[in-house]
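Right, one structure below, let's go through it.
Every heavy atom of this structure was used, including side-chain atoms; hydrogens, water molecules and symmetry mates were not.
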Amino acid sequence: MRMSDIIAARILELIEASDENMAEIQRNELASIVGCAPSQINYVLTSRFTPERGFIIESRRGGGGYVRVSRIKLNRTSAIMHIINSIGVSIDPMDVRVITENCSQTGLISNETARLINAAVSNSSMTCVPQEYRGYLRASIVKQMFLTQL
């Protein structure tokens with residue numbers, strides 16, 4: 001089992017054991033329990049506990065800092081709108097791929113739709129667009145394509 005799988009499983013255990021459907025963790029403490037670096041905790045949080053997968057992350061920095069991971073239930077429209085709002089003004093192809101993969105795994109969009117979005121915003125489809133503008137155009141296209149899913 002990979003370290004990221006172990007970390008994700010531990011966080012899910014904490015959430016499932018909670019009556020509030022959430023877990024408060026300290027990165028350093030969890031890192032020492034599972035035997036990894038705190039940066040690996042960050043990676044798992046940002047890649048596996050995303051809004052598209054039904055999670056909200058809140059954090060507080062400092063000595064008494066924590067990360068709160070909450071499982072949420074969003075209806076389809078709310079989930080898509082949350083994704084659109086989280087994209088921002090620019091996005092790279094890898095982030096688009098992560099979003100579409102997460103959305104297809106959770107059934108928010110079909111596998112075909114995910115493939116179409118990725119193809120539409122790939123670097124090869126934007127060769128006529130200057131490099132410095134591709135992220136802006138890509139974000140706009142992805143948002144519009146998700147709007148069609150409402």
Side-chain angles (χ1 to χ4, degrees), residues 1-123 134-150:
M1 185 178 261
R2 296 184 334 223
M3 182 55 71
S4 56
D5 294 332
I6 294 168
I7 295 166
R10 181 66 180 133
I11 294 171
L12 284 172
E13 286 173 12
L14 293 170
I15 291 170
E16 289 168 7
S18 166
D19 292 334
E20 293 91 32
N21 232 7
M22 66 92 157
E24 278 189 12
I25 60 172
Q26 291 189 319
R27 286 180 188 93
N28 291 339
E29 183 179 317
L30 182 58
S32 68
I33 290 170
V34 297
C36 69
S39 62
Q40 288 177 289
I41 305 293
N42 290 343
Y43 169 77
V44 170
L45 290 171
T46 58
S47 64
R48 300 208 183 173
F49 293 90
T50 62
E52 323 57 268
R53 290 186 175 192
F55 296 95
I56 297 288
I57 306 272
E58 303 170 66
S59 65
R60 181 174 153 204
R61 302 208 182 271
Y66 62 85
V67 176
R68 180 178 295 144
V69 183
S70 303
R71 187 185 315 249
I72 55 168
K73 296 286 184 193
L74 292 176
N75 65 36
R76 188 171 193 278
T77 301
S78 296
I80 290 173
M81 290 307 298
H82 185 80
I83 292 163
I84 291 168
N85 291 330
S86 71
I87 290 173
V89 297
S90 180
I91 192 166
D92 63 49
M94 183 56 75
D95 288 339
V96 174
R97 186 166 300 284
V98 168
I99 290 169
T100 57
E101 187 176 300
N102 288 343
C103 288
S104 67
Q105 285 176 354
T106 59
L108 200 55
I109 62 173
S110 69
N111 290 335
E112 180 181 341
T113 300
R115 285 192 307 273
L116 288 171
I117 292 171
N118 287 317
V121 300
S122 68
N123 280 330
R134 290 180 187 177
Y136 300 110
L137 178 59
R138 187 177 291 114
S140 180
I141 291 170
V142 170
K143 288 176 186 180
Q144 291 302 312
M145 292 181 94
F146 268 102
L147 281 173
T148 68
Q149 299 301 300
L150 294 178

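At least one side-chain heavy atom of I91 sits less than 4.5 Å from a side-chain heavy atom of I99. Inter-residue side-chain proximity for S104 and T113 is flagged as unmet; no heavy-atom pair is nearer than 4.5 Å. Between I41 and E29 the shortest side-chain heavy-atom distance does not fall below 4.5 Å. You'll find the side chain of Q26 stays beyond 4.5 Å of the side chain of N28, heavy atoms only.
Shortest non-hydrogen contact noted between R27 and S59 is NH2-CB, 4.0 Å. Minimum heavy-atom separation, E20 to S18: N-OG, 3.0 Å. Closest heavy-atom contact between G35 and M3: O-CE, 3.6 Å.
The CZ atom of R97 sits 12.5 Å away from the CG atom of N102 when rounded to the nearest 0.5 Å. Remark: Q40 CD to L45 CG distance equals 12.0 Å, nearest 0.5 Å. Atom CG of L116 is separated from atom OG of S110 by 7.5 Å, given to the nearest 0.5 angstrom.
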Show every donor-acceptor pair shorter than 3.5 Å between a side-chain atom in residues 5-17 and any protein atom, with sequence neighbours excluded, or say none if there are none.
unit_1, atom_1, unit_2, atom_2, d
D5, OD1, R48, NH1, 2.8
D5, OD1, R48, NH2, 2.8
R10, NH1, E13, OE1, 3.3

Which pairs would a plain distance check flag for residues 139-150, meaning a side-chain donor or acceptor within less than 3.5 Å of a matching protein atom at least two apart in sequence or in another chain?
unit_1, atom_1, unit_2, atom_2, d
K143, NZ, G88, O, 2.6
T148, OG1, M145, O, 2.5

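Between the T50 side chain and the S47 main chain, no donor and acceptor come within less than 3.5 Å of each other. Without hydrogens or angle criteria, R138 side chain to V121 main chain gives a donor-acceptor distance under 3.5 Å. Within the 3.5 Å criterion, the main-chain N or O of L108 finds a donor-acceptor partner in the side chain of R76.
The ring-ring contact (aromatic ring centres under 6.0 Å, His included) analysis of residues 96-115, with sequence neighbours excluded, yields no pairs.
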